[in-house]
Engineer: 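Let me begin by handing over the structure; questions about it come next.
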Protein chains: 2
Amino acid sequence: MDALQLFFEESHQLSQRDLGYLVDHFEKVSVPKGTVLFEQGAIVDAVYFVGEGVLHHYNYNEEGQKVTLDLHEGPCFCTNLESFSERKICQDSCVALTDCTLYILQKAKYDTLVNTNVKWSNFAKDIIAKTLMKMLNQLKAVSNKSIEQRYLELLKNNPLIVQNASIAMIASYLGTSRETLHRIRRRNILV
Amino acid sequence: MDALQLFFEESHQLSQRDLGYLVDHFEKVSVPKGTVLFEQGAIVDAVYFVGEGVLHHYNYNEEGQKVTLDLHEGPCFCTNLESFSERKICQDSCVALTDCTLYILQKAKYDTLVNTNVKWSNFAKDIIAKTLMKMLNQLKAVSNKSIEQRYLELLKNNPLIVQNASIAMIASYLGTSRETLHRIRRRNILV
DNA sequence: TTGTTAGTGTGTCATTTGACACAATTGTTG
DNA sequence: CAACAATTGTGTCAAATGACACACTAACAA
């Protein structure tokens, strides 16, 4: 079973006909570790659904240091919404940390989809709303948890991320230094 | 000029006819300081647009302490999206810290709007997408800034929030302790 | 093999933070 | 006004953190 189809079946109730119609708008590709999905300075012209694999989503701060914005583990959607929907120059980059199975929805096909039928417009609205809710819930969770708790949960829930991202990426993602994350790992060496 | 109308005119290009049609779905009310917009345990059945005023959006963590999720200053939208769109029991509360001018869009009217016409569905999608982008940009900003920088920016950009929220609310909002925020204020007494 | 580079592990130390205790101030109610 | 509650201001101290410096390891190319 295709990862994309499976994802939509579990998250939204669609008829087989609608499901097929929707999935046909995506292009399935397999890409190797190191592939750049989108990059600082360009316009992001697609939404990516990651079937399998891990992505590093980052940008550079004023001091020129890489800052990890997110570490994605499939199945999940990934794009830069601001660049994609408003055709702005993107300030972030996104790179595959493992070989990935991607399903690509080009901007032109997306636009046709959401402008022709209220069903698909509401469908897109739903996905964006769910993304927003997930983010808000994450923020809520973060505010009550120590870096150590968050690292241990990442290890438990997303072992692929911990395996494939460097300690520096993860430290930046958790909002701490490489050294502090190392102390945490040493303390929890048994876990 | 109505705050709601002004907001839509600046953020979206709509015909006068569409603008009027849209605004007619909202009910304008003035409420005093202390008014509860929505509350833990209930289902949020409206979207609120705050014309003028300041809101405290919070919940309780496992230890039973109030945690500030957000401090809103009008003009802005406010609701609990998860409760509103999926009719779930809300875990947060939202209370007016000042007298407020509110524009209320009931769930039933919202549903009619987004289900009848692809224009309004895309309009709602846009607002949700903008909210998500704003949140992502805030997160990006936060990761590079100290609590002190963030407090000083809040003071500069949202003086009404600093004036009307307690030091404890703001400390929780910034993710630090009351004492630390106090040290920051003492250091920057001249600002 | 050697050299090079990127990433990781480690120790030291000055600073910052949170927690706690309590004083001072403000606001509210009878 | 007095009494009380809520909020804010303050000092002390142990613990956590970031910054820095450098050793160690792994991967890779020449």
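What you see is a predicted model, and the numbers here were worked out from it, not measured in a lab.
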Engineer: Taking the side chain as C-beta and beyond, is there a heavy-atom pair between B:Phe123 and B:Asp18 under 4.5 Å?
Structural biologist: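 No; the side chains remain at least 4.5 Å from each other.
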Engineer: May I ask you to evaluate whether B:His182 reaches the phosphate of D:dT8, defined as a side-chain N or O under 4.0 Å from OP1 or OP2?
Structural biologist: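 For B:His182, the contact criterion (side-chain N or O under 4.0 Å from OP1 or OP2 of D:dT8) is not met.
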Engineer: Quick one: do the A:Asn188 and A:Glu148 side chains pair a donor with an acceptor below 3.5 Å?
Structural biologist: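 Their side chains do contain a donor-acceptor pair, which is all the 3.5 Å distance test asks for.
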Engineer: Walk me through whether B:Asp2 and B:Tyr103 qualify under side-chain contact (heavy atoms from CB on, under 4.5 Å).
Structural biologist: CA-CA 10 Å; B:Asp2 242 22; B:Tyr103 300 77; 3.4 Å; yes
Engineer: Not counting sequence neighbours, list each pair that qualifies as a ring-ring contact (aromatic ring centres under 6.0 Å, His included) and has a residue in residues 131-172 of chain B.
Structural biologist: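 Counting only pairs at least two positions apart or across chains, no ring-ring contact (aromatic ring centres under 6.0 Å, His included) contact touches residues 131-172 of chain B.
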Engineer: Estimate the overall bend of the helix from C:dT1-D:dA30 to C:dG30-D:dC1 from the end axes over five pairs each, rounded to 10 degrees.
Structural biologist: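 The end-segment axes of the helix from C:dT1-D:dA30 to C:dG30-D:dC1 are tilted 40° relative to each other.
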Engineer: Under the rule for ring-ring contact (aromatic ring centres under 6.0 Å, His included), what residues qualify as partners of B:Tyr110, not counting sequence neighbours?
Structural biologist: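 Expected list: B:Phe84.
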Engineer: Polar atoms only, N or O, under 3.5 Å: list the protein pairs with nucleotides 12-19 of chain D and their distances.
Structural biologist:
{"residue": "D:dG18", "atom": "OP2", "partner": "A:Thr176", "partner atom": "OG1", "Å": "2.8"}
{"residue": "D:dG18", "atom": "OP2", "partner": "A:Ser177", "partner atom": "OG", "Å": "3.2"}
{"residue": "D:dG18", "atom": "OP2", "partner": "A:Thr180", "partner atom": "OG1", "Å": "2.6"}
{"residue": "D:dG18", "atom": "N7", "partner": "A:Arg183", "partner atom": "NH1", "Å": "3.3"}
{"residue": "D:dG18", "atom": "O6", "partner": "A:Arg183", "partner atom": "NH2", "Å": "3.1"}
{"residue": "D:dA19", "atom": "N6", "partner": "A:Arg183", "partner atom": "NH2", "Å": "3.3"}

Engineer: Would you give the length of the straight line joining atom CG of B:Asp92 to atom OG1 of B:Thr68, rounded to the nearest 0.5 angstrom?
Structural biologist: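 It is 11.5 Å, given to the nearest 0.5 Å.
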Engineer: With A:Arg150, which of A:Leu154, A:Leu152, A:Ile147 fulfils side-chain contact (heavy atoms from CB on, under 4.5 Å)?
Structural biologist: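 Answer to the side-chain contact (heavy atoms from CB on, under 4.5 Å) test with A:Arg150 among A:Leu154, A:Leu152, A:Ile147: A:Ile147.
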Engineer: Going 5' to 3' on DNA chain C, which nucleotide is the first and which the last to come under 4.0 Å of a heavy atom in chain A?
Structural biologist: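 Nucleotide range with atoms under 4.0 Å of chain A: C:dT8 to C:dT12.
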Engineer: What pair of heavy atoms forms the shortest contact from B:Pro32 to B:Thr35, and how long is it?
Structural biologist: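 Looks like O-OG1, 2.5 Å.
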Engineer: Please determine if A:Arg87 and A:Asp111 form a salt bridge, counting it only when a charged side-chain N lies under 4.0 Å from a carboxylate O.
Structural biologist: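 Yes, this pair counts.
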Engineer: For A:Asp126, give me all partners under side-chain hydrogen bond (donor to acceptor under 3.5 Å, both in side chains), at least two apart in sequence or on another chain.
Structural biologist: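 Residues passing side-chain hydrogen bond (donor to acceptor under 3.5 Å, both in side chains) with A:Asp126: none at all.
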